Amino acid sequence: MEDTATTGYRQYVLFRLGDEDYGLPIEHVQSIIRYEPATPVPHAPDAVEGVINLRGQVIPVVDLARRLRGRALERSPSARIIVAEGESGLVGLAVDSASEVATVPLTDIQPAPESVLTEDTLDVFEGVAGYGERLVILLDPAKALPAATYALKSRDEEVDADV
Amino acid sequence: MSDDMSAYKDVFLSESAEYVQSITDGLLALENDPNDLEPVETVFRGAHSLKGMAAAMGYEKTAELTHKMEGLMDTVRKREQAVDAELIDLMLQAADAVRDLIADESSGGGSFDAAPVVEALLARTARRSEKGGAHDTDTGGVPASGAASGGAAGDVMRVTVTLEEGCVLKAVRAYMALKRLGHMGEILETEPDARAIEDERFDRSFVVIFRTREPAEAVSRALLAISEIENVEVTMESRSRYDTSVESTGGTRAHAAVPKLAEAQTVRVSIGHLDSMVNLVGELVIVRARLERIARQIQDPELAEALDALQQISSDLQHEVMQTRMVPVGNIFNRFPRMVRDLARDLGRQVEFQMSGLDIELDRTVLDEIGDPIVHLLRNAIDHGVEPPAERTAAGKPEKGTIRLAAERDREQVRIIVSDDGHGMDPDKIWSKAVERGLVREDERDSYTLADILMLTCEPGFSTAEVATPVSGRGVGMDVVKGKIEYLGGSVAIHSTPGAGCEIVLTLPLTLAIIQALLFGCAEQVYALPLSAVSEVLARDDVTLKTVDGQPVAVLRDGGVAPLFRLDEVVGAAERRGRMPDEHDHIVLTESGETARALAVERLVGRQEIVIKPLSPLFRNLRGLGGATVLGDGRVALILDPRTLFEMGV
């Protein structure tokens with residue numbers, strides 16, 4: 001990260017949730033895979049979709065739309081899982097689509113307008129940056145990727161295991 | 001150090017640790033029976049071997065220290081010294097110093113000063129009685145090469161060992177005999193060869209060609225001390241036949257000091273390699289399950305046949321790999337006698353410490369983790385279990401308390417039991433303390449069984465810093481013990497008889513990586529339950545179901561009653577519980593710790609070997625899950641934890 005900071009730009013993997021664009025620093029992204037339904041984990045926090053098999057490793061998948069926007073997203077064929085490396089190991093982030101890597105000059109990064117922030121997103125948004133026609137919401141990886149304590153903080157609600 | 005030497009460094013470090021251990025064991029045995037000559041010999045041999053090995057590695061200070069230890073033990077061996085507490089303490093101190101010195105010298109050296117110990121050893125050696133003064137100890141200095149215990153000097157003997165008729169563990173006895181000979185000299189040849197002996201491919205006797213400086217009587221005496229050895233015959237061999245081979249392997253090479261047997265039969269492998277082998281075998285098992293699924297769709301007899309063979313090979317391979325990771329519990333138990341001795345002395349207790357089941361094997365990863373919990377339990381037993389001598393006498397018990405550490409195997413599990421004959425645990429005291437700490441409410445007592453109350457000591461926050469001794473109080477650490485054991489997939493049970501002592505039972509799985517599991521389904525999902533927790537699977541019609549207080553229970557064959565849960569309710573919403581099973585459900589009887597419960601499942605999938613994958617730390621706070629596994633079709637199935645399964649979502 002120091003490297004990119006001194007050279008004045010940072011690279012983000014761009015993805016969409018609904019009609020909004022988000023960016024996650026590329027050094028936290030391990031790979032992007034096609035979306036697949038996860039095995040639900042009973043009694044897990046509601047933003048956790050479950051677990052999937054990533055080449056023999058079992059990793060959790062978090063519904064980012066539910067986490068950031070408060071509602072589950074509908075799966076289209078373009079849906080992807082971004083495999084990101086957080087402090088509690090690999091985590092899959094379910095998103096509507098993910099395709100590009102954007103190089104954003106540090107000078108282009110603006111603080112997120114306070115009026116749009118909610119209690120849930122206050123910590124998570126690092127800032128916003130214009131990228132072509134789009135406005136990209138940049139995520140703070142340390143906050144956006146669930147940490148081990150996250151399970152404690154969240155409400156212990158039902159996942160649809162009982163259907 | 002040259003490259004050549006550094007290649008031997010790891011071997012030296014682990015071998016030397018073993019020798020230090022055997023010296024410590026020998027000293028403790030000697031402390032128990034000062035007239036027993038055998039431990040004297042063990043300690044002497046250990047120091048002697050260490051001296052040779054250390055000199056070969058260029059660890060001069062270690063070589064000097066062990067040389068002095070050898071010198072002192074030599075005077076004991078010749079009965080020129082009495083074995084007293086001071087001698088034992090000095091030698092134990094010296095053994096500790098050897099360990100520290102080796103650690104120091106292996107990392108460059110210079111920071112550990114062994115001079116005071118060396119002085120003390122010399123002073124004590126000089127105090128020998130004049131009776132046997134004509135002998136001098138081996139003052140020839142430190143040998144320059146590693147050929148210390150098995151150099152070209154000595155006689156070649158042909159030792160014929162005959163085991164008792166009906167000896168059950170022939171290979172073990174033979175191994176002990178070879179090991180003992182290995183310590184006394186150099187094994188040149190065996191008939192049949194070492195491999196055949198190891199595999200028990202011999203009748204009642206085998207022959208060892210052996211070079212030693214010891215007299216023939218000493219050799220046969222040492223062997224006859226091993227139980228189930230009926231007869232030992234020693235004859236002299238001509239030396240010439242063996243001399244050439246010795247010259248070429250002896251001399252300057254460091255590992256000549258290592259008994260030959262160890263080289264022939266064991267290889268030291270890093271844990272990293274073993275771990276990755278286990279992972280690869282795990283992947284193989286998953287791919288195999290996948291192929292089997294495809295084969296069922298294709299229905300090709302040739303493919304089925306090839307798969308059968310693959311099945312056989314992969315399960316053999318898996319078994320072998322798991323075997324390589326199995327280590328006898330003795331490996332970690334062996335440090336406890338010393339610890340118990342020192343601690344008992346510090347606390348003014350008299351303790352007889354007994355261990356059993358040292359050869360019970362556990363997976364290395366499990367074994368590495370249980371050392372600390374056992375230390376906690378032993379400390380508790382000394383500090384809070386066994387009373388001070390005066391109190392014991394007043395209670396009509398022998399002054400010396402007994403602490404037992406036992407390991408035993410039960411199916412796919414190993415039990416480790418720490419027991420003492422102290423005053424036991426007082427349920428009333430525990431209860432009032434738990435109330436005081438806010439863990440329970442005063443008026444709840446009736447709903448707690450005795451076992452529940454004892455388990456309160458394992459609750460976090462049960463014991464606080466109310467520590468009167470340097471050792472933790474019973475309770476401090478018990479939550480840590482329980483946490484660790486449960487993390488390993490095991491369970492803790494406490495039994496106590498006031499006035500007569502208490503017993504703590506740790507039940508552990510043999511291995512962590514691959515287990516036999518029962519797979520069953522609920523809606524779309526498949527769950528796995530370790531087979532070790534399943535006692536029976538029955539059709540719903542074969543089980544008598546009743547309700548107690550509105551909650552369903554299964555009546556067991558022995559008349560006992562097991563609370564019954566529906567899987568869909570356990571993994572589902574908490575508010576919809578307590579319904580009777582559906583008509584076509586299967587009833588899985590489970591047993592965990594000492595509680596029986598019944599689980600109603602919609603669909604049985606079958607019994608399968610599964611590879612346990614850890615769950616992300618995100619799920620750390622969830623009860624009921626022991627991990628996950630990947631099924632043959634690539635899907636993930638969650639592994640239910642039999643101990644906490646029924647608390648899921650509650």
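The structure displayed is predicted, hence computed values, not measured ones. The figures here come from the full heavy-atom set of this structure, side chains too, leaving out hydrogens, waters and symmetry mates. Note on naming: letters A, B, ... go to the chains in the order of the sequence lines (proteins, then strands), and numbering restarts at 1 for each one.
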(message) Measuring only between side-chain heavy atoms, which start at C-beta, is A:I82 closer than 4.5 Å to A:L64?
(response) no
(message) At a 4.5 Å cut-off on heavy atoms, which part of B:L615 comes close to chain A: side chain, backbone, both, or neither?
(response) side chain
(message) Counting heavy-atom pairs closer than 4.5 Å to chain B, which one of A:V51, A:V91, A:I59, A:L90 comes out on top?
(response) A:V51
(request) Identify which part of A:I52 has an atom lying under 4.5 Å from any heavy atom of chain B, answering side chain, backbone, both or neither. (result) backbone
(message) Taking side chain to side chain contact (heavy atoms under 4.5 Å, CB included) as the criterion, tell me which of B:V571, B:T629, B:L518, B:L645 meets it with B:Y527.
(response) B:V571
(request) For residues B:R603 and B:A523, report the shortest heavy-atom separation together with the two atoms involved. (result) NH2-O, 2.8 Å
(request) Please step through side-chain hydrogen bond (donor to acceptor under 3.5 Å, both in side chains) for the pair A:E20 and A:Y22, ending with a clear verdict. (result) CA-CA 7 Å; A:E20 287 180 358; A:Y22 291 83; 2.9 Å; yes
